[in-house]
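Any value given below was found using the heavy atoms of this structure, including those in side chains, with hydrogens, waters and symmetry copies removed.
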Amino acid sequence: MRTFLCMTVAALTACVAVGQNGENSLRFEAADVHPTSLTANNSQFSRGPFILGARYDLHSSTMVDLISKAYGVVSDKVLEGPSWLEYDRFDVSALMPPKTSSENAKLMLQALLADRFQLVLHKEDRPLPAYVLSAPKGKQKLKEADGSGDTGCRMTIDQARSVEGVVSNLTLVYTCRSMTMTSFAEGMTNMAIAQQYVGTNPVQDKTGLEGKWDFTLKYNLPTAAGAPGDNITIQDAVDKQLGLKLEQQTISLPVLVVDKLSRAPSPNAPDVSKKIPALPAEFEVATVKPMEPIGNANGPIAIGIRFAGGRVEMSGLPLKTLILQAWGVQADSLVGGPKFLDTDRYSIVGKMPAGEAVPAPNSPLDQDAVGLMLRALLAERFNLKTHFEERPMTAYTLTAPKPKLKKADPSTRTKWTDGNTPIVLSNGNIPSRTVKFQNMSMAQLAEKLQSLGSAYIHAPVLDGTGLEGSYDFTLTFSPIAPAQLATLVTRAAEVGGGAAGAADPMGGVTLFDAIDKQLGLKLVEQKRPVRVLVIDHIDEKPTDN
C-alpha cells in the first residue's frame, strides 16, 4: 500500500509517493545505465536531462552531475566520496510513467542512483567560502526607487570597441529598478558569467539597507592578466559604481556528503532498450532554403541551431556543418565530398513529430534526437549516402622527454576544471583557455586530450609517457588553432561589413606548445587507422519543399 505525502517548499507544492517505511518509492519503469563511450566528441560535458514524451535521457554525466541533477544542488555542494566521482561518466536512458513532472523525475533519478549504484549520502552544514554584500557608511551611490516601472534587472551588452588600436572587452550592463538589496544579492550568482567572479554559493545580504533602489551595474568578461582593454570585475563595479562592498567570508552552508557508492552500476535488465521509446527518426515536416554566401549577405546573419515550440531551426549553416552535426563527428573525420559542402549554406526548419515524442515544456532538445532526424532529412532531400570505415590518419602519442609535473595527493578527486570564458573574435583579442588538472594520470590525460583540444587533435591519443601515478598541473592554450582563428576573424569582419584582410596566422599558444613548454611532455605525430565518415554521394541542390 502506498500513501501520498504533500510537502510545500517555498511556493512549490510537490506530492511524493512514499512507501510505508517513508522511503521514496517512485521509480523509472525501465532504465538503461552504461559508461559513456570514450569516442563521443562531447564526452567531457554533462548534457540533459532531456524529456521527450515518456523518455528521459542524461548523457556523459559524472556521478557528481547525476547527484546534483537528482537533488537540485550545484555540483560543488557534493562532497567527499571516492576519487573517481568527477571523472567516470555515464549515460542514462529511461522510461517514465505518463505525465511525470520534472520534480518526480528527480525523485526517480534519486531512486535509480540508490538502486543501481548503491548510493548512500546525507545532508549537513559545513563552513564554505561565500561572498557577502555590505554597505560602508556614507558611500552608497544608489537612488531610492519611486515605485514606478517594472521591478528587476535587465541585461544589455556594450559591444567591444577599438580606441587607438586597443580593443576593449565586452561590457555587461545590468539596469536594475525597484530592487531590494536582498533580491539583488540572491540573484547575483545568476547574472551572466558572475560565477567566475563570486562562485556558486549564494551572496549574503548584510547591507542593512531597507527599501527599494534604482541603479546600474557594468562589468566585463574576465580577461587574461595583462590583456589590453577594460577589465572591470563585479567586485570593482559594486565598489566604484554602487558604493557597496563584495567580500569573501566563510559561512555555514548545506551540502550533500557521499557515504557509500559503487563504481559500476548493477547490470541492465534484459532487453531494457526495447522498453524505452525510440528517439524520433525523422521530422514530421521540414523546409530547406538556400542562403546567400556570407560575402554577399546584406546585414548580420543569424547562424546556429535553436529549438522553439516543437520546431528545430538551423540557420545559415553550410552543408558540411550540417553533416558533422547529424553524425556527431569532427571535421577531420569527414572524408570525400565536393567543394560546395563548404560554401553552400541553408536554413532548415523542422517540426518535431506530433504525439508523445514532443519535448516537455522548458526542456532542452537532445542533440542526439536532432542528429537522427537531420540524417534522414539530408538523405531524403540531398540524396546523401555515407558509410564509416577505418583509414590511416594523423594521430598522436603522448611522450615525456622532460616532465615538469607535481605529484598529486591520491585522496583528492580526479578531475579537471575549465576556466574558459566566452570567445570574442576581434583583431586584438586572442582567446585563451586555462584547464586545471587534479590527481590525473598520464593515461587519463591522453584519454581526454582529443575532447579538450578538438581544434588540434582528431583521433584518440595514446599514452607513451611511461609515467606512473597521478599529478596536479595546469595547461593554458588557445582553444582555437591560430590559423583557424584568423579565418574566423576574417569571416566575422565580412559578416559585419568591415574590411576583410588576409587570413594570416594570429598569436596565441597552441596546444602542442603548451604541452611541451608547460608540462615538459610532447605529442608525437604518427599515422594510425582512425574511424572516418566517408561521403559516397550528395546532390548539389535539394529536392523541392
Q: Give me the one residue out of Lys415, Arg263, Arg413 that meets salt bridge (Lys or Arg N to Asp or Glu O under 4.0 Å) with Asp88.
A: Arg263

Is there a side-chain contact between [X] and [Y], using heavy atoms and a 4.5 Å cut-off?
X: Thr207; Y: Gln140; value: no
X: Leu128; Y: Ile251; value: no
X: Val78; Y: Tyr71; value: no
X: Ile51; Y: Met96; value: yes
X: Leu445; Y: Leu521; value: yes
X: Asp205; Y: Thr180; value: no
X: Leu519; Y: Lys404; value: no
X: Phe90; Y: Phe117; value: yes

Short question: side chain of [X], backbone of [Y] - any donor-acceptor pair under 3.5 Å?
X: Gln204; Y: Ala130; answer: no
X: Gln241; Y: Lys218; answer: yes
X: Asp472; Y: Asn439; answer: yes
X: Lys77; Y: Leu253; answer: no
X: Asp125; Y: Ser252; answer: no
X: Thr62; Y: Asp65; answer: yes
X: Tyr174; Y: Ala192; answer: yes
X: Arg433; Y: Leu452; answer: yes
X: Ser183; Y: Met179; answer: no
X: Asn201; Y: Pro129; answer: yes

Looking at [X], I want to see if its [atom1] is surrounded by more than 12 non-hydrogen atoms of other residues, nucleotides or ligands under 6.0 Å.
X: Lys402; atom1: NZ; answer: no
X: Lys260; atom1: NZ; answer: no
X: Glu124; atom1: CD; answer: yes

Q | Working for side chain to side chain contact (heavy atoms under 4.5 Å, CB included), residues Leu261 and Leu85 | A | CA-CA 9 Å; Leu261 184 65; Leu85 218 64; 3.2 Å; yes

Provide the closest heavy-atom pair for [X] versus [Y] in the form atom of the first, atom of the second, distance.
X: Leu398; Y: Val461; value: N-CG1, 4.0 Å
X: Thr189; Y: Glu186; value: OG1-O, 4.2 Å
X: Asp463; Y: Ala443; value: OD2-N, 3.5 Å
X: Ser61; Y: Thr36; value: N-OG1, 4.4 Å
X: Val509; Y: Tyr456; value: O-OH, 4.1 Å
X: Asn220; Y: Tyr197; value: O-OH, 2.8 Å

Which distance, rounded to the nearest 0.5 Å, do you find between the [atom1] of [X] and the [atom2] of [Y]?
X: Ser262; Y: Leu119; atom1: OG; atom2: CG; result: 10.5 Å
X: Thr182; Y: Leu209; atom1: OG1; atom2: CG; result: 9.5 Å
X: Gln195; Y: Ile193; atom1: CD; atom2: CD1; result: 10.5 Å
X: Tyr56; Y: Leu109; atom1: OH; atom2: CG; result: 4.5 Å
X: Asn190; Y: Thr200; atom1: CG; atom2: OG1; result: 10.5 Å
X: Thr465; Y: Tyr471; atom1: OG1; atom2: OH; result: 7.5 Å

Q | Step-by-step side chain to side chain contact (heavy atoms under 4.5 Å, CB included) determination, Lys436 to Trp416 | A | CA-CA 5 Å; Lys436 295 182 179 179; Trp416 57 270; over 6 Å; no

Q: Check step by step if side chain to side chain contact (heavy atoms under 4.5 Å, CB included) holds for Met191 and Tyr219.
A: CA-CA 11 Å; Met191 294 167 63; Tyr219 60 96; 3.7 Å; yes

**Q.** Residues in salt bridge (Lys or Arg N to Asp or Glu O under 4.0 Å) contact with Arg154, at least two apart in sequence or another chain
**A.**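 Scan of Arg154 (salt bridge (Lys or Arg N to Asp or Glu O under 4.0 Å), adjacent residues dropped) gives none.
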
Q. Under the side chain to side chain contact (heavy atoms under 4.5 Å, CB included) criterion, do Leu52 and Asp57 qualify, and how do the steps go?
A. CA-CA 8 Å; Leu52 197 62; Asp57 285 284; 5.8 Å; no

Q. With sequence neighbours excluded, what pairs up with Glu80 under the side chain to side chain contact (heavy atoms under 4.5 Å, CB included) test?
A. Arg126, Val257

Q) Does Gln444 have any side chain to side chain contact (heavy atoms under 4.5 Å, CB included) partners at least two apart in sequence or in another chain, and if so, which? A)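 By the side chain to side chain contact (heavy atoms under 4.5 Å, CB included) rule, Gln444 matches Tyr87, Thr414, Met440, Ser441.
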
Q) Between Gln330 and Gln450, is any side-chain donor less than 3.5 angstrom from a side-chain acceptor? A)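 Present: a donor and an acceptor within the cut-off.
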
